[in-house]
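Source: prediction; values computed, not measured.
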Amino acid sequence: MEFIMPVFALIATPAVRIRSERSTILQALPMEHLGARGMTEARTLAEISTAVTLYGERTAGAHPGRSFSISVHIRRGDRKPRGFDAAYRTGALGTDRWVLMVDNDADGARILHGRSAAETGNMASCKGDVA
């Protein structure tokens, strides 16, 4: 019996976490993507996580200062590795490593629409604060 390797699509979407007094909200532009979709074959969660990291680093290098999240989609008909849904839901795959945390909607909007944290003039709320 031949094992067919599952194929995953990786998509970088502009996103930012907006901090409020009691919680944080992930705000994204789901119809916008940064760069090309990444495709990878993976059998294990570790392989998916590694692919997410490499894809995220390439995307961050091509779009400096942008805040983004990576979504992971499996090819129709393929089987997900055991524990995939829980790992994806909890962030264990590293998909939100490049999402900046900001303190208000105005800063979030500027970052989402392509202005880097340095250009917002509010580095105190963004500097080194990645969700």
Side-chain angles (χ1 to χ4, degrees):
M1 181 172 143
E2 185 178 328
F3 180 78
I4 297 174
M5 186 78 94
V7 175
F8 294 86
L10 308 174
I11 301 169
T13 303
V16 67
R17 282 204 191 279
I18 301 173
R19 180 179 13 230
S20 69
E21 289 181 26
R22 295 189 175 153
S23 65
T24 62
I25 298 168
L26 180 69
Q27 187 174 13
L29 298 175
M31 299 307 286
E32 260 189 55
H33 302 131
L34 296 177
R37 172 187 309 213
M39 301 298 287
T40 189
E41 292 183 336
R43 277 191 202 154
T44 67
L45 296 177
E47 290 174 347
I48 297 168
S49 181
T50 298
V52 166
T53 298
L54 294 172
Y55 176 73
E57 288 171 354
R58 272 194 320 269
T59 301
H63 301 277
R66 291 300 302 265
S67 178
F68 61 93
S69 180
I70 298 173
S71 57
V72 181
H73 305 277
I74 191 164
R75 180 175 61 187
R76 184 183 304 258
D78 285 356
R79 292 183 159 229
K80 297 180 262 188
R82 180 168 299 195
F84 173 83
D85 291 327
Y88 189 43
R89 206 173 25 256
T90 63
L93 298 176
T95 55
D96 288 345
R97 187 175 302 153
W98 297 272
V99 178
L100 292 173
M101 179 85 72
V102 296
D103 289 324
N104 61 57
D105 291 333
D107 288 339
R110 280 193 289 271
I111 291 171
L112 275 177
H113 294 285
R115 296 186 63 198
S116 71
E119 293 172 310
T120 67
N122 188 9
M123 285 302 291
S125 67
C126 303
K127 188 175 182 181
D129 201 1
V130 178

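Separating the CZ atom in Arg89 from the OG1 atom in Thr95 is a distance of 12.5 Å, to the nearest 0.5 Å. Rounding to the nearest 0.5 angstrom, the gap separating the CE atom in Met101 from the CG atom in Leu26 is 10.0 Å. The distance from the CG atom of Leu34 to the CZ atom of Arg58 is 13.5 Å, given to the nearest 0.5 Å. If you take CD1 on Ile74 and CD1 on Ile48, they are separated by 7.0 Å, rounding to the nearest 0.5 Å. In this structure, the separation between OG on Ser67 and CD on Gln27 is 10.5 Å, given to the nearest 0.5 Å. Distance check: His73 NE2 to Met39 CE gives 10.5 Å after rounding to the nearest 0.5 Å.
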Item to check | Trace of the side-chain hydrogen bond (donor to acceptor under 3.5 Å, both in side chains) decision for Thr59 with Arg66 | outcome: CA-CA 9 Å; Thr59 301; Arg66 291 300 302 265; over 6 Å; no

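Put simply, the side chain of Thr53 reaches to within 4.5 Å of the side chain of Arg97, judged on heavy atoms. Put simply, the side chain of Pro81 does not reach to within 4.5 Å of the side chain of Thr44, judged on heavy atoms. Under the 4.5 Å side-chain criterion, counting only non-hydrogen atoms from C-beta, Arg17 is not in contact with Leu100. The shortest side-chain heavy-atom distance between Phe84 and Phe8 falls under the 4.5 Å cut-off.
Side chain of Thr24 to backbone of Ile18: no donor-acceptor contact under 3.5 angstrom is found. Not a single donor-acceptor pair under 3.5 Å links the side chain of Ser49 to the backbone N or O of Leu45.
Using a 4.5 Å cut-off between side-chain heavy atoms of Ile, Leu, Val, Met, Phe, Trp and Tyr, with links allowed through other members, Tyr88 and Ile70 fall into the same hydrophobic cluster.
The shortest heavy-atom contact between Tyr55 and Ala36 is OH-O, 3.0 Å. Of all non-hydrogen atoms in Ala28 and Thr13, the two that sit nearest each other are CB-CG2, 4.4 Å. When every heavy atom of Asp96 is checked against every heavy atom of Ser69, the shortest pair comes out as OD1-OG, 2.5 Å.
By the neighbour-count criterion of 12 heavy atoms within 6.0 Å, atom CZ of Arg37 is sparsely surrounded, having that number or fewer from other residues, nucleotides or ligands.
Under the side chain to side chain donor-acceptor pair (under 3.5 Å) test applied with Asp78, the options Lys80, Arg75, Arg76 reduce to a single match, Arg75.
Counting side-chain heavy-atom gaps under 4.5 Å among Ile, Leu, Val, Met, Phe, Trp and Tyr, Ile11 is found in no cluster with other residues.
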